[in-house]
J.: 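Got a structure for you, questions after.
Basis for what follows: all heavy atoms, side chains included, without hydrogens, waters or symmetry-related copies.
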Amino acid sequence: MSDEKSKVGQELWGGRFSEPTDRFVQRFTASEAFDRELASYDIAGSRAHASMLEAVGVLTAAENTAIQEGLARVLAEIEAGAFQWSVEREDVHMNIEARLTELIGDVGKKLHTGRSRNDQVATDMRLYLRTEIDIICGQLTRLQSGIVGLAAQHTETVMPGFTHLQVAQPVTFGHHLMAWYEMLDRDHGRLLDCRQRLNQSPLGAAALAGTTFPIDREQTAIALGFTGPTNNSLDSVADRDFAIEFCAAAALILSHLSRMSEELILWASAQFGFISLPDRFCTGSSIMPQKKNPDVPELVRGKSGRTTGNLVALLTLMKAQPLAYNKDNQEDKEALFDSVNTLNDCLKAFADMVPAIEAHSAAMRNAALKGFATATDLADYLVRAGVAFRDAHEVVGKAVAHCIDAECDLADCSLETLKTFHAGIEHDVYQVLTLEGSIAARDHIGGTAPNQVRAAIALAQTKLNR
Ligand code: ARG
């Protein structure tokens with residue numbers, strides 16, 4: 001192979017090599033096909049680095065100006081879709097640097113002074129994830145607002161609350177929705193924690209040990225919106241905790257969305273009939289004309305497999321890697337990007353869909369009437385009449401068995417019948433046997449009484465509007 005040909009793909013590091021990279025190895029080791037996602041962050045990092053080099057006297061003002069203008073042109077080319085990505089230039093960093101040098105000449109070769117692709121990629125990844133977390137938090141807030149808005153319309157809408165998917169006690173639909181809100185509120189906190197911890201600049205760690213140039217790490221950190229530089233150069237290039245933390249938060253959010261999806265799917269079935277999903281979020285069957293399938297929640301439920309997989313992939317990727325940088329780390333990108341994109345899409349789908357959910361109050365109420373949802377209220381009533389709870393539980397169990405045989409509800413039994421189970425039962429028992437009585441009685445912080453749910457909604461609204 002001619003000397004000229006051997007330079008292809010090795011233009012930025014080929015000095016010590018005596019033969020060109022194997023074609024397959026070139027493709028196998030390249031990341032440009034996916035890490036181009038980082039291009040704008042890579043350029044922002046390079047611009048901050050070059051300005052810092054000027055400030056400390058490593059570059060002249062003219063050199064920095066040329067680099068700044070050149071990088072702006074490279075970014076414009078990328079944004080316009082005119083940039084020629086090349087697998088021979090391996091990754092986003094070398095594609096951009098090589099193009100810069102094509103555009104501005106040899107001064108472009110000075111950009112890489114005092115840094116390495118190792119601190120460069122660590123910086124790019126943090127900048128990327130910080131931006132994406134902000135976008136995701138916006139979607140999450142939109143979804144939470146939608147949930148709270150729907151809850152506010154249903155603070156008095158009675159539905160069965162379930163344990164073991166068996167009717168347990170009546171709750172309001174608003175109360176159930178506010179449980180979803182709480183799950184997402186914790187998720188929001190996890191994302192903000194992750195953002196805060198990742199927001200330190202690895203730039204200046206160079207390959208692993210720092211650099212011999214008189215760099216100012218504070219300057220680049222501040223220029224890029226970080227709170228400051230990271231503390232240890234080895235850790236800076238080896239750490240991918242931030243990506244793992246994010247993927248863990250993303251997996252948990254998808255796990256929550258998957259649980260919500262499951263409920264929506266059940267509720268939208270003919271057997272429950274609690275809700276209708278808007279047609280625009282459903283699809284039909286190519287063979288069964290009557291079908292309206294809840295595809296969006298089903299797909300969200302299924303997508304949770306990806307985010308769990310990505311988390312496991314990153315944990316496995318990082319486990320047992322010796323310090324500092326290893327090429328293994330290149331494998332962090334597709335998993336992280338996939339979790340970011342999946343989460344963004346699923347949150348968007350949910351945020352658009354939830355406010356358009358139509359609740360069928362009558363069906364919810366009927367279901368709550370069916371499963372002896374007020375049995376605990378009857379036991380509590382007996383306790384107030386002086387019966388020990390365990391004895392009251394036994395009495396009510398017998399009354400329920402009777403109702404199952406008689407195919408009626410507790411509230412349908414005459415006072416005479418109820419008294420056969422316990423003589424202490426009086427006419428006022430019917431107040432506690434109604435769904436509304438049961439709900440209104442759970443009147444404490446976190447309870448399902450309508451005024452408590454309204455208070456929870458007000459708190460949530462204050463938090464969301466902050
Ligand atoms: N493409 C590489 C990655 O994603 C960039 C860093 C390369 N560093 C190196 N020493 N080969 O991790």
Side-chain angles (χ1 to χ4, degrees), residues 12-13 15-16 29-31 34-35 38 41-53 55-56 58 90-94 96-97 110-130 133 193-249 310-337:
L12 281 86
W13 48 253
R16 62 103 73 209
T29 54
S31 52
F34 49 88
D35 68 10
L38 300 172
Y41 306 104
D42 195 69
I43 288 172
S46 289
R47 294 184 68 156
H49 179 68
S51 291
M52 180 277 292
L53 290 180
V56 301
V58 172
E90 195 178 318
D91 59 22
V92 62
H93 322 291
M94 296 202 293
I96 289 172
E97 192 190 318
K110 294 195 173 186
L111 170 62
H112 210 53
T113 314
R115 74 169 185 186
S116 152
R117 280 184 293 154
N118 297 351
D119 59 342
Q120 207 179 337
V121 73
T123 305
D124 294 3
M125 291 284 279
R126 287 172 188 245
L127 290 174
Y128 161 83
L129 191 52
R130 191 179 69 191
I133 286 176
D193 282 353
C194 174
R195 186 194 196 284
Q196 190 207 335
R197 241 185 314 280
L198 74 72
N199 200 22
Q200 289 188 314
S201 175
L203 204 56
L208 75 165
T211 174
T212 56
F213 295 96
I215 57 169
D216 182 349
R217 296 192 59 208
E218 288 282 349
Q219 181 182 329
T220 45
I222 300 307
L224 294 169
F226 290 115
T227 52
T230 49
N231 290 325
N232 180 292
S233 63
L234 293 166
D235 179 49
S236 305
V237 295
D239 167 38
R240 293 295 182 273
D241 291 5
F242 59 94
I244 295 177
E245 272 193 64
F246 173 82
C247 283
N310 292 334
L311 171 61
V312 175
L314 285 195
L315 284 168
T316 314
L317 170 69
M318 296 313 294
K319 159 191 178 300
Q321 271 197 52
L323 296 183
Y325 176 86
N326 302 283
K327 183 75 168 179
D328 313 40
N329 285 8
Q330 182 165 291
E331 283 290 305
D332 62 355
K333 286 170 201 60
E334 286 162 294
L336 178 65
F337 296 167

J.: Is the backbone N or O of Thr29 less than 3.5 Å from a side-chain atom of Gln330, with the two atoms forming a donor-acceptor pair by type?
T.: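 Confirmed, Gln330 side chain pairs with Thr29 backbone.
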
J.: Would you confirm whether Asp216, through its side chain, and Pro214, through its main-chain N or O, come within 3.5 Å as a donor-acceptor pair?
T.: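 The answer is no, because no donor-acceptor pair under 3.5 Å joins these two groups.
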
J.: Heavy atoms only: give me the nearest Cys194-Phe246 pair and the separation to one decimal.
T.: SG-N, 3.7 Å

J.: Whether the side chain of Arg130 engages the backbone of Gly225 through a donor-acceptor N/O pair (distance < 3.5 Å, no angle test) should be reported.
T.: yes

J.: I need the Leu127 CG to Asn199 CG distance, nearest 0.5 Å.
T.: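 Rounded to the nearest 0.5 Å, the CG-CG separation comes to 8.5 Å.
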
J.: Does any N or O in the side chain of His49 come within less than 3.5 Å of the main-chain N or O of Thr113, such that one atom is a donor and the other an acceptor?
T.: yes

J.: Looking only at heavy atoms, what is the nearest atom pair of Phe242 and Ala122, with distance?
T.: CZ-O, 4.3 Å

J.: Would you confirm whether Arg217, through its side chain, and Ser201, through its main-chain N or O, come within 3.5 Å as a donor-acceptor pair?
T.: yes

J.: Output the distance between atom NE2 (His93) and atom OG (Ser46), rounded to the nearest 0.5 Å.
T.: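 Between His93 NE2 and Ser46 OG, I get 9.5 Å after rounding to 0.5 Å.
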
J.: On a heavy-atom basis, which atom in Phe34 and which in Phe337 lie closest, and how many Å separate them?
T.: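 It is O-CE1, 3.4 Å.
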
J.: Please give me the minimum heavy-atom distance between Leu208 and Ala324, naming the atom from each residue.
T.: CB-CB, 4.0 Å

J.: Would you give the length of the straight line joining atom CG of Leu129 to atom CZ of Arg240, rounded to the nearest 0.5 angstrom?
T.: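 The CZ atom of Arg240 is 11.5 Å from CG of Leu129, to the nearest 0.5 Å.
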
J.: Evaluate the side-chain proximity of Thr230 to Asp235: yes if any heavy-atom separation is below 4.5 Å, no if none is.
T.: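 No, side chains not in contact.
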
J.: Is a side-chain donor or acceptor of Asp119 paired with a backbone partner of Leu203 at a separation under 3.5 angstrom?
T.: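 No, the answer is negative, given that no donor and acceptor are paired below the 3.5 Å cut-off.
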
J.: Using distance alone, with no hydrogens and no angle criterion, decide if Asn329 and Gln321 have a side-chain donor and acceptor under 3.5 Å apart.
T.: yes

J.: Can a salt bridge be assigned to the pair Glu90 and Arg117 using a cut-off of 4.0 Å between side-chain N and carboxylate O?
T.: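 A salt bridge links Glu90 with Arg117.
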
J.: Taking all non-hydrogen atoms of both residues into account, name the closest pair between Asn118 and Ala206 and its distance.
T.: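 The pair with the smallest heavy-atom distance is CB-O, 3.8 Å.
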
J.: Rounded to the nearest 0.5 Å, how far does CG of Leu317 lie from CG of Asn310?
T.: 11.5 Å

J.: Between Thr211 and Arg115, is any pair of side-chain heavy atoms under 4.5 Å apart?
T.: no

J.: For residues Ala335 and Leu314, report the shortest heavy-atom separation together with the two atoms involved.
T.: CB-CD2, 3.9 Å

J.: What verdict does the salt bridge (Lys or Arg N to Asp or Glu O under 4.0 Å) test give for Arg197 and Asp239, after you've listed the backbone C-alpha separation in whole Å, the side-chain angles of each residue and the deciding distance to 0.1 Å?
T.: CA-CA 12 Å; Arg197 241 185 314 280; Asp239 167 38; over 6 Å; no

J.: For the CD1 atom of Ile244 and the CG atom of Asp332, what is their distance to the nearest 0.5 Å?
T.: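 Ile244 atom CD1 to Asp332 atom CG measures 9.5 Å (nearest 0.5 Å).
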
J.: Hey, does the side chain of Asp35 reach the backbone of Asp91 with a donor-acceptor pair shorter than 3.5 angstrom?
T.: no

J.: Distance from Leu53 atom CG to Gln219 atom CD, nearest 0.5 Å?
T.: 9.0 Å

J.: Any donor-acceptor pair under 3.5 Å linking the side chain of Thr227 with the backbone of Gln200?
T.: no

J.: Between Lys333 and Asp124 (salt bridge meaning N to carboxylate O under 4.0 Å), is one present in this structure?
T.: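 No, no charged N to carboxylate O under 4.0 Å.
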
J.: Take atom NZ of Lys327 as the centre, draw a 6.0 Å sphere, and report whether it contains more than 12 heavy atoms from other residues, nucleotides or ligands.
T.: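 Yes.
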
